[in-house]
Structures are given as structure tokens and as C-alpha cells.
Amino acid sequence: KLTKTFLKEWLSKYKNADELKAAAGEFYKGKKIVVDFPSPNTAKQMHVGHLRPMVIGEAVQRLLRFCGADVICDNHIGDWGTNFGILIYGIKTENYDLEKPSANPLEDLEKLYKLGSAKAKESPEAANAAREELVKLQNGDAQNTALWEKITDISKEAFEKMYKLMSVTIDVTLGESFYRDKVERIYKELTETGLAEESLGALVVFLKDHDRFKDQPFIIRKSDGASNYASTDLATVLYRTEHFKAQEIIYVTDARQQDHFQQLFLTTQKWFAAKGYPLPDLRHVWFGTILGEDGKAIKTKSGEPVRLSALIDEAVARARRIVDEKSPDMPEAEREKISKVVGVAALKYADLSQNRTGDYTFAWDKLLAFDGNTAPYLLYAAARMHSIFRKAGISPDEDFSEAAGELETEQELALARKLAALPAVFEMALAEFRPHYLCTYLFELAGIFSAFYNADKVIVDDPAVKARRLMLCSRTLRILEAGLRLLAIEPLEKM
RNA sequence: GGGGGCGUAGCUCAGUGGAUAGAGCAGCGGUUUUCUAAACCGUUGGUCGCAGGUUCGAGUCCUGCCUCCCCCGCCA
């Protein structure tokens, strides 16, 4: 039971995001953490499958930073592998000019890959030619290297646009190609320490004291001698430990990779222990699948993954229709800006508000519903708070605590109690990196505020009542906005 | 066969061993001369997949079973 005095003191103490951050900074105080996300593959357009790693990863990294961690967001792109042989083969057989301007170069590359892939399936000659292109690339052939670099540039440029649109933070981009020359050391050290062994021509790790992984191999070098996901991931752990001095590494990927990361973590533990390397905390923050109405992973009618850009366009268009309907008097430019913010925010929030370990059903109506536990509801609540201060001609940054009288009404107390509950929310959201706890809190906060807003008028004659209600509005606004920003949603002042 | 996840109101989902299991949507009924009605208030709706067990107390922990989704040697 929190007394009125305690609540008043709490509200007087934590006035804005900076003060909350200073207090929250104790949680992770200076801890060096690498967050691995969203890590897409190059030469492909982003699709609906990239939504979750982007929004969950970004929310997690922002929460960590807010709580005092020293974070590096490392975008571990898939820019190396067997598929480049087929792609280069496709580019060459079609005489495609990568320098030629195109409305959607990534879409062109996808088509070329499909073409090359189809040909390689049809004829052994084509399959061989594709393999040769790969070997040439791997051996540093000038022409193929130039093509590969251009493909990477085109991909990165397209990704940058998406990151900007989605407010995704990238500190470094060290993809799989970066670790090309770093895998030899992995083979050597894992063999030396007796962890890796030859099996069916491949180099594999069997974790002998593990019920399952004693028989299920962790393949770290393929039988053709090439590296794979496991090799580069091992090299990456080492690099992050040695170069970044990472104390914790967080991988944000889908649930299907759980076995991979368990094997990676267990192997790393044994390997680092044998070599005396400092072992960072290794965490796999995994998430479920976005399902279609049929209960299967979402696809378009033709069976293709839904483009992320198409999803965003649709969200913004739907937001626009609502803005036009609700605020017809607003200037065109402002309606456009609000639609963009609301549409993207709705898309992100629909994902973040779900417990990440479950699958969830995608439905346009639900994803873009502006009722209930959604971004528009929260944004609207914040906009109304701003409106109060605008109408009153007072800044929300003023300190109202001196003039504020004791909290009185049921709604005032409910709001104050909810505000003071914030620290527990951080604890919960961070314990297992589940941003939906923060979403639930913000939704409840906005709901209690709305009830308060309806029941207790803020701009009243009594100066003590007015001051304490303005104080409540100011604190609610600052916490709501800070919370939205942690979810990478930029609040609006009007809508 | 082994492993992971899911199963809670008509639908979509929350739920930290603790009180009479919650929200949104849908349904029904209200609220506006008053700071933005994208709001608020009230109300209908539950064998928490099934069966045992532990506990003063289980949606939550343990065991077994069932449905569905996913993973399990050269993709990432």
C-alpha cells in the first residue's frame, strides 16, 4: 500500500525521461552488450519475416541502453554463401547491368537468382557453371568480386531506407563475409581442444555430455570444405569477445534457430573454457512466427513472402483514411505526417504487444485496429495531454510539485499508483527481454489516464488542484513518451 | 523417436505460486453547452485442452496424455 505522501514524493522526484534514465541506469550500469539483429540476407527484399527481428531487436536494445548498458548493435548480414554462385551465374547469363538504374534493384536480383536456380536444376552444365562462379568468387576473381560488392552495396542501400523508416539502430554491419578469413582459426582451435572431429567428411562437434547433442552434430565445416552458419557464428563470438570486449551477446532471431544457438552456446562455453577466454553471457531472444488466417506462416496468394514495404504502405494508407475521416480540417501536410507515424507505429506495436515466444495471427483488421491495446490509442492519449498544456499556455516541463496539493480523487490516486509502478515494469521487461510487458503497462497507464481525464478536469480555478493535476499530466506524458520511444515509436503532439 | 512452442470468453490475446481469472474486438445499454468522442462509464459472455500430483493456496510448479505449429548432418 503506497501512501499519498509516498506517491507525491515519487512524482516530485521523477519529473522526466532523464531522471528516470538516471535511476534505471543502475540495472545494467556500463555493461558491454552486443545485440545481433536484424541480420537480413543480401540480394533479397525484406519481407514480413523481417518485421519481428527489427522491432523486437530495436526495443530490446533501447531498453538496455535506457537501463545503462553500453550497447553495440551489430547487423550480422548474410552476405556470403553458396547462393552467390547461382546469382552471379544468373546475372551473367542474362547480361544484367548492375549499374543500370532500376526502380527496385533487389527485385531484379531476386528474379535473376530464381532464373539461375531454375537453370541449375534443369541442366548439370548450368549447375556446374554456377558452382564455378562461386569458386571464382571465393578465390578472389576480380570480376566476380566486383559483382558481389555491387550486390552488397545495392542491398545495403535498400536496407538503410528500411532501417530509417522503421527507426532501427545499426552501429556496425559485420556480415558473414567479414569472417571469411577468420574461420580457419576456429577449425584449428576446436580441433586442438578435441571438441571437433571429422564425420562423413565434415568437421562437426558432438557434445558428448548432452542428451541430445551427443548425437545431433553441430556442423562447423561442410564436407566440401566450405564454411557455414556455425563456422561464422563461432568466429563472430570470438571477434565480439576479443574486439568489442563484449560481456553479453544477445541474438534476436526466430524460434526455429533454437537448436543452433544452444549448440553454439554450449560449444563456445567448452571452447572458451579450454582456451581460457573470458566467456560473455550468451542469450538467444527468439520469437514465434507471424501466421496467416490459415494458421500457417503468412504468404501472399502466389506463395511469396509478403514484402515489408507493401505492408508498411498498406498500414500508412489505412491510417491516412482514418486521419482524413477524424481530422478533416487539419492541413494536408500534417495529415500525411500523422498517417505515416500512426501507420508504422501500429504495425510495430501490434507485434511488440504480443508475447514474443508465441506465434501470432496476422489480420489487417487487427494489425491496423485503432482500438484497444494499440499504438494509436497510446499516441492519442499523449496528444491529448499535449493539448491540455497548449490550451493552458503552460509547459509540461514546469515543476508542479511545489504548488501541488495532496492527491485526492480516486482517479488521481489510481494514476499516481500506476506511474509509481514503472520500475517493476523495467525489471519484468528486461528479465527475459519481453517488450510486451512495457506495452501492457503503457496501455493500462493510458487507460487510467483517460478515465482521469474524463472524470477530473485539469484546468480549474483552484490553484492547488490545478497544479497537482497538471503534475499528473506532465508525469504521465513524460513516462508515456519515454515508453513509446523505447519501443521506437516517436510520439505526436497533435493528431 | 527426440526437442521447442501453443492450447484461457464467440474472435484476437494478457496473466510475476496468492484475493471473486482480465483486456480489446464483436454484442447490448448509456455519457458530449465543459482541457481532442481515435474517448469514457455500465453490462452479457469462462469445465483456463484432458487426467493425476505437490501446496494452506495452481491458469501458473511436477508427471502422463491429446490437438496444432516448428526444428532435428552439410540453408541461415
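Each chain gets a letter, A, B and so on, in the order the sequences are listed, and its residues count up from 1.
- For the C1' atoms, the distance from B/A21 to B/U67 is 24 Å, rounded to whole Å.
- Each of A/F37, A/F287, A/Y229, A/F265 was evaluated against A/Y251; a single residue qualifies, A/F265, per the ring-ring contact (aromatic ring centres under 6.0 Å, His included) test.
- Here the separation of B/G15 from B/C6, taken at their P atoms, is 10 Å to the nearest Å.
- Nucleic acid contact class of A/A202 (heavy atoms, under 4.0 Å, all strands): base.
- Contacts of A/F389 with the nucleic acid, taken as non-hydrogen atoms under 4.0 Å apart, are absent.
- Among the atoms of the strands shown, none is found under 4.0 Å from any heavy atom of A/Q262.
- Judged by atom type and distance alone, A/T289 does not reach the base of B/C69 through any side-chain donor-acceptor pair under 3.5 Å.
- Each of B/U36, B/A39, B/C74 was ranked by its minimum atom distance to the side chain of A/K391; first place goes to B/U36.
- Toward the 5′ end of RNA chain B lies the nearest nucleotide of A/Q354, the other residue of the pair A/Q354 and A/P376 mapping further downstream.
- Residue A/Y229 places its side chain closer to B/A76 than to any other of B/A76, B/G15, B/C72.
- Proximity note for A/I219 (side chain, C-beta onward) versus B/G73, B/C35, B/G4: the nearest is B/G73.
- Nearest to the side chain of A/V204, among B/A39, B/C74, B/G73, sits B/G73.
- For the pair A/F362 and A/L311, the tightest heavy-atom approach, listed with the atom from each and the gap, is CZ-CD1, 3.5 Å.
- Separation of the C1' atoms belonging to B/G46 and B/U8 is 8 Å when rounded to the nearest angstrom.
- Remark: the A/T357 side chain and the A/R434 side chain contain an N/O donor-acceptor pair separated by less than 3.5 Å.
- When each of B/A38, B/G2, B/A37 is scored by its nearest atom to the side-chain atoms of A/F370, the top-ranked nucleotide is B/A38.
- Taking the C1' atoms as reference points, B/U34 lies 32 Å from B/A26, given to the whole Å.
- Residue A/H436 places its side chain closer to B/G15 than to any other of B/A38, B/G15, B/C40.
- Partner of A/F443 under the ring-ring contact (aromatic ring centres under 6.0 Å, His included) criterion, chosen from A/Y349, A/Y380, A/Y377: A/Y377.
- If you take atom C1' in B/C71 and the same atom in B/A37, they sit 49 Å apart, rounded to whole Å.
- Between B/G22 and B/U44, the distance separating the two C1' atoms is 16 Å to the nearest Å.
- Within the 4.0 angstrom heavy-atom criterion, only backbone atoms of the sugar-phosphate kind lie near A/E176; the bases stay farther away.
- Judged by distance alone with a 3.5 Å cut-off, no donor-acceptor contact links the side chain of A/T440 to the base of B/G15.
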